[in-house]
Amino acid sequence: MKILVVGGGGREHAIIKALKQNPEVTGIVALPGNAGIAADAECVPVKATDIDGIVDYVKSHPVDFAVVAPDDPLALGCVDRLHALGVKCFGPDAKAARIEASKVFAKDLMKKYGIPTAAYETFDDAGRALDYVKTCPIPVVVKADGLALGKGVTICFTRDEADSAVRAAMLDGAFGASGSRVVIEEYLEGPEVSVLAFTDGHVVKPMVSSMDHKRVGDGDVGPNTGGMGTIAPNPCYTPQVAERCMREIFLPTVAAMNAEGCPFKGCLYFGLMVTKDGPKVIEYNCRFGDPETQVVLPLLKSDLLTVMMAVEDETLADTPVEFAEGTACCVMLASGGYPGKYDKGKVIDLGNAEAMAEIFHSGTGRSDKGQLVTAGGRVLGVCCTADNLQTAIERAYRAAAEVRWEGMIYRKDIGKRALGILADSF
Ligand code: AMP
Ligand code: GLY
């Protein structure tokens, strides 16, 4: 079978490595892929957001199955277009992708169907939003409506911060058109859990839970990023919490999407906060998380392609989705300056890291001389699995210490909070 994967980051690298395990797979092409993915798939320089380009490519290079991994092509209707060509796909259509592409859509869905989430107001008028933050309870969270690479959310601990966040999104266009509408919502407290779940619109099969580390700095300080590292499973996601999530959140969300006439098929990502009042939805994503995927898929025992095809064929109920008992840790190595401005083209020395860990490439390229160089904010995910979390973390950090480039940064405390929670539970 020939498989197409749309995207070119660490998540796609992890997906491709998992797809390759299926002996029926004879070839994988990545659009556009990256320098690391090139070791596992043929990379063709068509941007993931160039839907016409993707369609043209598939017309001249037929594939048996397509996986559309990133949010933008999903929101732009890549799956709709590939389906129209008769290509079987993994991923939601554009209507269903609104669950991520519009925070207003997602919040209104949760309100209408009684799915627990933070209380909120929506604004498309900056003056009204600025008036609102003069009196609303503080802290408060200001969110750009549309896609903003995980950076459209500002947690505001003072009224001044809230005022600035509204101005940045609505008046200064900090997130482009994505910020012309904002959701202003209640600040929730509690540990965060990411749960990726396969759903074919009928049943929901959650994957092993994980914990992202979104802030750029150790101890959760500094601006939000796309994610600086992950561990799995997440110790806050106890069987009791999991049972509540299934009953109060996962099944109602799938039913709500069906009731709205936009059944969701693919990987539905639940960003959850376990508050004292129970689990609540912080965000939905219409895709695998990045870097959650880099710890979740290495623990998947079932064949990924089989599961993805069952999602497309709506036979997920009959398809086992099983995970290994172990743990995983992924440390993201990033360019100095990320999530702000950063340099590209720094030569990467991997040392002995590839022998010590699974290295997923997020933002890498080749220089004119053929050297491996940095090509993004998040550059490499260094991932290890082990029987216990402590060992997985130690192994990942030992491998990360092998890697060097000028200006490289990474958090030194990935998994530390999870270890503390585990210690407390004994
Ligand atoms: P999002 O892009 O919606 O995942 O938000 C990014 C991060 O902001 C989340 O992972 C949370 O850490 C934080 N966040 C978002 N919404 C809230 C909220 N209502 N209360 C507290 N923290 C939040
Ligand atoms: N790691 C968060 C996300 O993929 O949105």
Side-chain angles (χ1 to χ4, degrees), residues 49 70-72 75-76 97-112 115-192 194 212-217 219-228 269-273 275 277 280-286 289 337-342 377-378:
T49 46
D71 44 5
D72 314 87
L76 289 168
R98 284 179 301 164
I99 199 163
E100 172 171 5
S102 169
K103 294 214 190 274
V104 174
F105 174 85
K107 294 295 291 191
D108 290 350
L109 185 86
M110 289 186 270
K111 187 187 268 180
K112 183 168 171 188
I115 298 165
T117 188
Y120 70 102
E121 300 282 340
T122 310
F123 298 91
D124 48 23
D125 178 90
R128 287 191 40 237
L130 290 169
D131 281 345
Y132 178 76
V133 297
K134 286 193 183 99
T135 55
C136 72
I138 295 286
V140 72
V141 182
V142 178
K143 299 187 170 184
D145 176 43
L147 299 174
L149 293 171
K151 296 173 205 155
V153 173
T154 317
I155 318 269
C156 310
F157 291 96
T158 65
R159 260 178 229 295
D160 280 351
E161 281 172 6
D163 186 275
S164 307
V166 169
R167 284 178 198 280
M170 301 189 82
L171 298 176
D172 307 338
F175 312 111
S178 291
S180 56
R181 260 203 307 188
V182 297
V183 169
I184 303 185
E185 71 176 29
E186 172 198 9
Y187 174 74
L188 298 177
E189 274 178 286
E192 280 184 58
S194 304
D212 194 4
H213 298 69
K214 286 210 165 107
R215 300 301 192 97
V216 74
D220 293 321
V221 297
N224 265 321
T225 68
M228 294 299 288
Y269 167 129
F270 298 90
L272 306 166
M273 198 166 268
T275 73
D277 303 323
K280 295 191 179 183
V281 177
I282 289 279
E283 64 163 347
Y284 292 117
N285 291 327
C286 65
Y338 175 75
K341 282 209 175 78
Y342 52 83
R378 293 187 295 174

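Everything numeric in this text was worked out from a predicted model, so none of it was measured. Reckoned from all heavy atoms, side chains included, excluding hydrogens, waters and symmetry mates.
Taking the side chain as every heavy atom from C-beta outward, Ile184 and Val141 never approach each other to under 4.5 Å. Using a 4.5 Å heavy-atom threshold, the side chains of Ile155 and Tyr187 count as touching. No side-chain heavy atom of Ile138 sits less than 4.5 Å from a side-chain heavy atom of Thr158.
Note: Tyr132 and Phe123 have tilted aromatic rings, judged against thresholds of 30 and 60 degrees for the angle between ring planes.
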Starting from the C-alpha separation in whole Å, work towards a yes-or-no answer on side chain to side chain contact (heavy atoms under 4.5 Å, CB included) for Arg215 and Val221.
CA-CA 6 Å; Arg215 300 301 192 97; Val221 297; 5.8 Å; no

Taking it one step at a time, do Arg181 and Ser102 satisfy side chain to side chain contact (heavy atoms under 4.5 Å, CB included)?
CA-CA 10 Å; Arg181 260 203 307 188; Ser102 169; 3.9 Å; yes

Please step through side chain to side chain contact (heavy atoms under 4.5 Å, CB included) for the pair Leu109 and Ile99, ending with a clear verdict.
CA-CA 8 Å; Leu109 185 86; Ile99 199 163; 4.1 Å; yes

Assess the residue pair Leu188 and Ile282 against the criterion (side chain to side chain contact (heavy atoms under 4.5 Å, CB included)); give the C-alpha distance rounded to whole Å, side-chain angles, the decisive distance to 0.1 Å, and a yes or no.
CA-CA 9 Å; Leu188 298 177; Ile282 289 279; 4.1 Å; yes

Asp131 vs Lys134, test: salt bridge (charged side-chain N to carboxylate O under 4.0 Å, His left out). Steps then yes/no.
CA-CA 5 Å; Asp131 281 345; Lys134 286 193 183 99; 3.2 Å; yes

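Judged by distance alone, with hydrogens and angles left aside, the side-chain atoms of Thr225 form a donor-acceptor pair with the main-chain N or O of Lys214 at under 3.5 Å. Without hydrogens or angle criteria, Arg378 side chain to Gly226 main chain gives a donor-acceptor distance under 3.5 Å. Formation of a donor-acceptor pair under 3.5 Å by the Glu100 side chain with backbone atoms of Asn285 is not found in this model. For the pair Thr154 (side chain) and Cys156 (backbone), a donor-acceptor distance under 3.5 Å is absent. Side-chain N or O atoms of Asp145 include one that pairs as donor or acceptor with a backbone N or O of Lys103 at under 3.5 Å.
Annotation: salt bridge (charged side-chain N to carboxylate O under 4.0 Å, His left out) contacts of Glu192 (sequence neighbours excluded): none. Residues satisfying the side-chain hydrogen bond (donor to acceptor under 3.5 Å, both in side chains) criterion with Glu161, sequence neighbours excluded, are absent altogether.
The residues Lys111 and Glu185 are annotated as not salt-bridged, no charged nitrogen and carboxylate oxygen being separated by less than 4.0 angstrom.
Atom-to-atom distance recorded for Arg98:CZ and Cys286:SG is 12.0 Å, nearest 0.5 angstrom.
Checking Thr122 against Lys107 by side-chain atom types alone, no donor-acceptor pair falls below 3.5 Å. Judged purely by distance below 3.5 Å, without hydrogens or angles, the side chains of Asp72 and Thr49 never pair a donor atom with an acceptor atom.
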Side-chain donor-acceptor distances from residues 162-175 under 3.5 Å, at least two apart:
| residue | atom | partner | partner atom | Å |
| --- | --- | --- | --- | --- |
| Asp163 | OD1 | Arg167 | NE | 2.6 |
| Ser164 | OG | Asp160 | O | 3.0 |

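More than 12 heavy-atom neighbours from other residues, nucleotides or ligands sit within 6.0 angstrom of CZ on Arg159.
The aromatic ring centres of Tyr284 and Tyr269 sit 6.0 Å or more apart.
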